[in-house]
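Step one of this worksheet: look at the structure below.
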Amino acid sequence: MSKDNTRIFFYGFVVGTVLLLMPIPSFFFWSGVLDHVETMFRYLGFVFFVACGITIIVRVVRTFFEK
């Protein structure tokens, strides 16, 4: 993997973390829709967080043990 790929995975990791932690303001007339949107943000954030985080960890460990 090149450094550009590592940078992309790092940005994906950051986006996943933001999606997991971002508060969503509530509007009384969108209460049902916002529940679904918040759930989708949490799931999407978790997927980005896990997928990109594991890739970064593997890359760092592989680089560490090469030296």
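No hydrogens, no waters, no symmetry mates; every other heavy atom, side chains included, goes into these values.
Taking CG of Leu34 as the start and CZ of Phe41 as the end, the distance is 10.0 Å to the nearest 0.5 Å. Between the OG1 atom of Thr17 and the CZ atom of Phe46 there is a distance of 11.5 Å, given to the nearest 0.5 Å.
Considering only residues two or more places apart in sequence or on other chains, Ile54 meets the side-chain contact (heavy atoms from CB on, under 4.5 Å) condition with Val50, Val58. Partners of Phe10 according to the side-chain contact (heavy atoms from CB on, under 4.5 Å) rule, which considers only residues two or more places apart in sequence or in another chain, are Val14, Ile56. By the side-chain contact (heavy atoms from CB on, under 4.5 Å) test, Tyr43 is found to be paired with Thr39, residues two or more places apart in sequence or in another chain being considered.
Taking the six-membered ring for Trp and the full ring otherwise, Phe13 and Phe48 have centroids separated by 6.0 Å or more.
Look at Arg62 and Glu66 and you find no salt bridge, because none of the NZ, NE, NH1 or NH2 atoms lies under 4.0 Å from a carboxylate O.
Leu20 and Met40 fall into different hydrophobic clusters, where Ile, Leu, Val, Met, Phe, Trp and Tyr residues are linked whenever their side-chain heavy atoms come under 4.5 Å apart, directly or through other members.
One N or O on the side chain of Arg42 and one on the backbone of Leu19 form a donor-acceptor pair closer than 3.5 Å.
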